There are 2 protein chains.
Amino acid sequence: MPNPTSRAASQPALTRLPRGTLSQAVIIEAALAVSERKGLGALSFQALGAELGAHPTAIYRHFRDKDELVLAVVDGLYAEMLAELAPSSEDWAADLRTLATTMHDVFVRHPAVAQIAAARTSRREHEFELVEQTISCFRRSGMTDADAARYYRIFSDVVLGYSAIDAALAALDPKLREADLRAWQVEYRTLPPAEFPNLTAVTSHIPAIDDPSNFRTAVDLMIEAIRARTAAAEVAD
Amino acid sequence: MPNPTSRAASQPALTRLPRGTLSQAVIIEAALAVSERKGLGALSFQALGAELGAHPTAIYRHFRDKDELVLAVVDGLYAEMLAELAPSSEDWAADLRTLATTMHDVFVRHPAVAQIAAARTSRREHEFELVEQTISCFRRSGMTDADAARYYRIFSDVVLGYSAIDAALAALDPKLREADLRAWQVEYRTLPPAEFPNLTAVTSHIPAIDDPSNFRTAVDLMIEAIRARTAAAEVAD
DNA sequence: ACCTGAACACCGTTCAAGT
DNA sequence: ACCTGAACACCGTTCAAGT
């Protein structure tokens, strides 16, 4: 894999850093800025040092190790997401859809942070707030608290997992992404029908892997199934 | 983050490698073996060299670069999955469930490969076979070819994304994983109810992030929604 | 033809040194 | 107290050298 870190792209630190300008907040902001311009290699101490105009190891003054940094940046991602979130409505399913698409947008914009965020618990304030808002949607639907908790976890993981895939694909080295996309237009369309009868019968209908409507349909399907299940449970009472 | 590569765990190459013993198949097998014992750092040239008892760069004789290696190993993962797959039945939904759980198992067993597999197209024979079998399930359900293609993509991406999250969590440094799991038992259970009324109302019901039934429920929900949609389309005809 | 050794530009992390 | 420089064990990749 070619190294995703391009030396030309990182601005050289021409000015020395004034004392006491570094802080957790400043570093998190810088991390989100690099992760918007660079790909999966954005979250290194060197990339951050260059962005801040500081020595890479200066960051250790403010975060115990990489994991503490990384969880703080993940929570910064959730802060950015909450700031962009449309206000909640009286429609719990619409609010769930808004939550999901906003998360997807923010993940694709910051792929390096997204890869980590998907499988981690930041256990910091903006994650708490995000969980609160998601659970609020399920509770407003009228389901039991046990169901709200269960479907919160499953819905969130599906959204996190799908968004992380789309983020990773968007951040892939352009040459590799092109080759992957082309495979579905070329290799998959010239397979022998005798060996792959079902595949070849439908290849022309397979949506592109980078089609953003795939994610939206996945979210709609989850909501439909959860609604159908909890409606059936209510009738059974 | 502590380095996931442990020197003590990798066997030293005491014997020199006989000429001509290296091949694509041997290297892929070794890669799947290391990725079963080591975590996210399993797929490096050094780890592979140690496993093979060969110089790390000897691999370049057999694969052009890391990406070609990686796509071949991803396809090796699909080969392993297909070998473990239970034979298909007359129940398309049950077959889809089997496909999903087998993929989840293989991903969790090889987390380093899984992280890459989720967002890539190997465009090699075992991936073709996997796509063929998945599309076969949807076509047997009686839906249109266009729907089979659409739902293949969305169902597969949900399974891939969720499995990749569970794989990453399972491969996390044990200390970090413990801290993440504990957050849901401690931090999340001591939040102020005034600020987080919905969260605190249901915290005791939230399933653990490593509960394997979360994934199975997600798969069931997807199948239920797809079945409901296509049944409704049939009635409309 | 197939494998090794040395080199290069990257990683995270530690620690002594500067201010 | 806050930041820098040098060092260490890792990365992927290239290329000259060995057999």
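All of these numbers come straight from a predicted model, not from anything done at the bench. FYI, side chains are in, hydrogens and waters are out, and symmetry mates aren't considered; it's all heavy atoms of this structure.
Of all nucleotides listed (C:dA6, C:dT14, C:dG12), C:dT14 comes nearest to the side chain of A:Thr57. Taking every side-chain heavy atom of A:His55 into account, D:dT4 is the closest of D:dC3, D:dT14, D:dT4. Out of C:dC3, C:dG12, D:dT13, the shortest distance to the side chain of B:Asp65 is found at D:dT13. When distances are taken from the side chain of B:Tyr60 to each of D:dT13, C:dT13, C:dT4, the shortest belongs to D:dT13.
Counting non-hydrogen atoms under 4.0 angstrom, B:Leu43 reaches the backbone sugars and phosphates but no base.
When the P atom of D:dT13 is taken as reference, atom CG of A:Asp173 falls 11 Å away, rounded to whole Å. Summarising the geometry, the separation between CG on B:Leu176 and C1' on C:dG12 is reported as 14 Å, rounded to the nearest angstrom. Atom CG of B:Leu69 and atom P of D:dG12 are 10 Å apart (whole Å). One interatomic measurement links the two molecules: CD1 of A:Ile27 to C1' of D:dC2, which rounds to 12 Å at whole-angstrom precision. Atoms NZ (B:Lys66) and P (D:dC10) sit 16 Å apart, rounded to a whole Å. Atom P of nucleotide D:dC10 and atom CG of B:Leu48 are separated by 16 Å, given to the nearest angstrom. Between the CZ atom of A:Phe63 and the C1' atom of D:dC3 there is a distance of 16 Å, given to the nearest Å. Atom CZ in A:Phe45 sits roughly 8 Å away from atom C1' in C:dT13 (whole-Å rounding).
Between B:Tyr152 and A:Trp184, the ring planes lie tilted relative to each other; the angle falls in the 30° to 60° range. Relative orientation of the A:Phe128 and B:Phe196 rings is perpendicular, given thresholds of 30° and 60° on the angle between their planes. The aromatic rings of B:His104 and B:Phe215 lie parallel to each other, their planes meeting at an angle below 30°, with 60° marking the opposite boundary.
Stems are defined here as 3 or more consecutive Watson-Crick or G-U wobble pairs with pairing distances under 3.5 Å; those involving DNA chain C are C:4-8 with D:12-16, C:12-16 with D:4-8.
The shortest side-chain heavy-atom distance between B:Leu191 and A:Glu132 does not fall under the 4.5 Å cut-off. Looking only at side-chain heavy atoms (C-beta outward), A:Phe63 and A:Ile28 come within less than 4.5 Å of each other.
The side chain of B:Gln46 contributes an N or O atom lying less than 4.0 Å from OP1 or OP2 of D:dC11.
Between A:Leu221 and B:Ile154, the closest heavy-atom pair is CD1-CG2, 4.1 Å.
A:Asp180 is linked by a salt bridge (Lys or Arg N to Asp or Glu O under 4.0 Å) to B:Arg120, B:Arg123, counting only residues two or more places apart in sequence or in another chain.
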